[in-house]
Colleague: 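There's a structure below that I have some questions on.
Letters go in sequence order (proteins before strands), and every chain restarts at 1.
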2 protein chains.
Amino acid sequence: MKSDKLRITSQRDVILDELRAAKVHPTADELYEQVRRRLPRVSLATVYRNLEWLSEQGLARKIEVGGRQKRFDGDISDHYHVRCHKCGRVADVEMDLLDGVEDRIAQCCGFTVTGHRIEFTGLCPACSNGSAC
Amino acid sequence: MKSDKLRITSQRDVILDELRAAKVHPTADELYEQVRRRLPRVSLATVYRNLEWLSEQGLARKIEVGGRQKRFDGDISDHYHVRCHKCGRVADVEMDLLDGVEDRIAQCCGFTVTGHRIEFTGLCPACSNGSAC
DNA sequence: TCAGTAATGATAATAGTTATCATATAAATG
DNA sequence: CATTTATATGATAACTATTATCATTACTGA
Ligand SMILES: [Mn+2]
Ligand SMILES: [Mn+2]
Ligand SMILES: [Zn+2]
Ligand SMILES: [Zn+2]
């Protein structure tokens with residue numbers, strides 16, 4: 001009988017490792033550049049594929065913020081983000097989760113509400129003081 | 001002396017009118033289909049251009065929710081949204097805005113925080129009861 | 001009526017992501 | 001350890017949503 005277990009490849013290993021090491025919330029291509037340093041023959045498709053896979057496995061998070069590109073987070077704990085509307089940089093926000101807020105709005109729209117996400121917007125330190133991002 | 005006033009064209013007029021009439025938060029191509037009924041020769045580019053323009057003028061809002069496509073809102077009042085993670089539908093949430101929440105996190109990340117956005121997620125009525133969206 | 005300029009429609013280009021497919025490789029089996 | 005086989009990979013094509021280009025159209029004011 002064949003196993004249906006998924007494999008741990010060196011690519012997966014390095015991708016998750018680099019994602020966790022990144023202080024920023026990298027886009028797929030930003031992470032690709034990092035991973036390339038350790039695996040020069042890696043494909044961008046592999047990075048995309050595994051970011052998707054890691055998210056499905058609950059080992060990483062796809063954070064849906066505004067902006068064209070998706071960003072990823074190696075920190076799977078529930079937390080909020082702030083995004084710079086000038087350069088797109090995303091940082092963590094140290095704020096307690098709003099508790100029970102989903103129940104408060106559960107009735108009014110007919111939706112079955114299961115979660116919420118707060119995205120603060122503003123200017124990052126670099127963009128605040130006129131310097132190029 | 002030449003005027004630098006911007007023109008109200010019939011396309012603009014109809015686009016804003018249809019956007020305001022839409023109960024959903026349409027994507028550009030959804031709105032394009034609506035506008036086409038009244039202006040059969042309209043171009044999709046014109047819809048994109050004017051949705052952008054209307055947003056800049058403060059006559060409409062570009063709502064940055066998750067999902068691939070941008071959505072637009074003819075209701076320019078500040079309010080939160082809930083998005084169906086199955087079909088992408090977006091509805092308004094009847095909840096008072098969180099007050100002073102931006103100040104509470106202003107220090108912790110170095111960002112100059114100027115706004116926030118809450119996106120609730122869940123299942124819309126149609127997706128809740130097994131029926132096709 | 002005319003000149004000047006902004007907007008339009010058609011379409012090309014771009015960006016980001018996903019799909020395809022031949023080859024490589026991890027892990028189960030013997 | 002060698003064999004088998006399903007999964008993962010790398011290269012690249014295809015796709016989707018959006019933005020840019022540009023010749024033409026049509027407001028607007030003189
Ligand atoms: Mn984070
Ligand atoms: Mn709305
Ligand atoms: Zn910035
Ligand atoms: Zn739905």
Colleague: Can you tabulate the close N/O pairs, meaning under 3.5 Å, that link protein atoms to atoms of nucleotides 21-24 of chain C?
Modeller:
none

Colleague: Ring centres under 6.0 Å, that's the criterion: do A:His85 and B:Phe111 meet it?
Modeller: no
Colleague: To the nearest Å, give me how far apart CG (A:Leu51) and C1' (D:dT9) are.
Modeller: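 Atom CG in A:Leu51 sits about 15 Å away from atom C1' in D:dT9.
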Colleague: If the test is side chain to side chain contact (heavy atoms under 4.5 Å, CB included), which one of B:Cys127, B:Cys124, B:Ser128 qualifies with B:Lys86?
Modeller: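 Result: among B:Cys127, B:Cys124, B:Ser128, B:Cys127 is the only option passing the side chain to side chain contact (heavy atoms under 4.5 Å, CB included) with B:Lys86.
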Colleague: Please give me every residue in residues 54-64 of chain B whose heavy atoms get under 4.0 Å of an atom in DNA chain D, ordered by residue number.
Modeller: none
Colleague: Are any of A:Thr9's side-chain N or O atoms less than 4.0 Å away from OP1 or OP2 of D:dT7?
Modeller: no
Colleague: Parallel, tilted or perpendicular, judged at 30° and 60°: which one describes the rings of A:His25 and A:His81?
Modeller: perpendicular
Colleague: Before accepting this row, confirm whether a basic side-chain N of the pair A:Glu30/A:Arg71 lies closer than 4.0 Å to the acidic partner's carboxylate O.
Modeller: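 Yes, this pair counts.
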Colleague: Using whole Å, what does the distance between atom C1' of nucleotide C:dG16 and atom CD of A:Glu52 come to?
Modeller: 13 Å
Colleague: Other than A:Ile63, which residues form its hydrophobic cluster under the rule that side-chain heavy atoms must be closer than 4.5 Å?
Modeller: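 Direct or chained contacts put A:Ile63 with A:Val65, A:Val90.
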Colleague: If the cut-off is 4.0 Å, is B:Thr46 near the phosphate of C:dG9, judged by side-chain N/O to OP1 or OP2?
Modeller: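 Yes, such a contact exists.
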Colleague: Before accepting this row, confirm whether a basic side-chain N of the pair B:Glu64/A:Arg83 lies closer than 4.0 Å to the acidic partner's carboxylate O.
Modeller: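 Judged by the 4.0 Å cut-off on N to carboxylate O distance, B:Glu64 and A:Arg83 do form a salt bridge.
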Colleague: For D:dT19, take OP1 and OP2 only and decide whether either is under 4.0 Å from a side-chain N or O of B:Lys70.
Modeller: yes
Colleague: Regarding B:Thr46 and B:Arg49, is there a side-chain donor-to-acceptor distance under 3.5 Å anywhere?
Modeller: yes
Colleague: Taking atom OH of A:Tyr48 and atom OG1 of A:Thr27, what is their separation to the nearest 0.5 Å?
Modeller: 7.0 Å
Colleague: Within residues 11-19 of chain A, find the residues that approach DNA chain D with a heavy atom at under 4.0 Å, and present them sorted by residue number.
Modeller: A:Gln11, A:Arg12
Colleague: Please determine whether the number of non-hydrogen atoms from other residues, nucleotides or ligands lying under 6.0 Å from atom CZ of A:Arg38 exceeds 12.
Modeller: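 Yes - once you tally the heavy atoms of other residues, nucleotides and ligands closer than 6.0 Å, there are more than 12.
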Colleague: Out of curiosity, B:Asp13 CG to B:Asn50 CG, how far, rounded to the nearest 0.5 Å?
Modeller: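 The CG atom of B:Asn50 is 10.5 Å from CG of B:Asp13, to the nearest 0.5 Å.
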Colleague: Hydrophobic side-chain clustering at under 4.5 Å (ILVMFWY, transitive links): who's grouped with A:Leu123? Put none if nobody.
Modeller: none
Colleague: Does anything in residues 28-45 of chain B reach DNA chain D, meaning a heavy atom under 4.0 Å, and if so which residues?
Modeller: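 B:Ala45, in order of number.
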Colleague: Looking at D:dG10, C:dT18, D:dA17, which one has an atom nearest to any side-chain atom of B:Tyr48?
Modeller: D:dA17
Colleague: If you measure from the Lys or Arg side-chain nitrogens to the Asp or Glu carboxylate oxygens, is any gap between B:Glu94 and A:Arg104 under 4.0 Å?
Modeller: no
Colleague: Grab the CZ-C1' distance between B:Arg68 and D:dA14 for me, whole Å please.
Modeller: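 One finds 14 Å between C1' of D:dA14 and CZ of B:Arg68, rounded.
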Colleague: Hydrophobic clustering (ILVMFWY, side-chain heavy atoms < 4.5 Å, transitive) - are A:Leu98 and A:Val93 grouped together?
Modeller: yes
Colleague: In whole angstroms, how far is the C1' atom of D:dT28 from the CD1 atom of B:Ile8?
Modeller: 13 Å
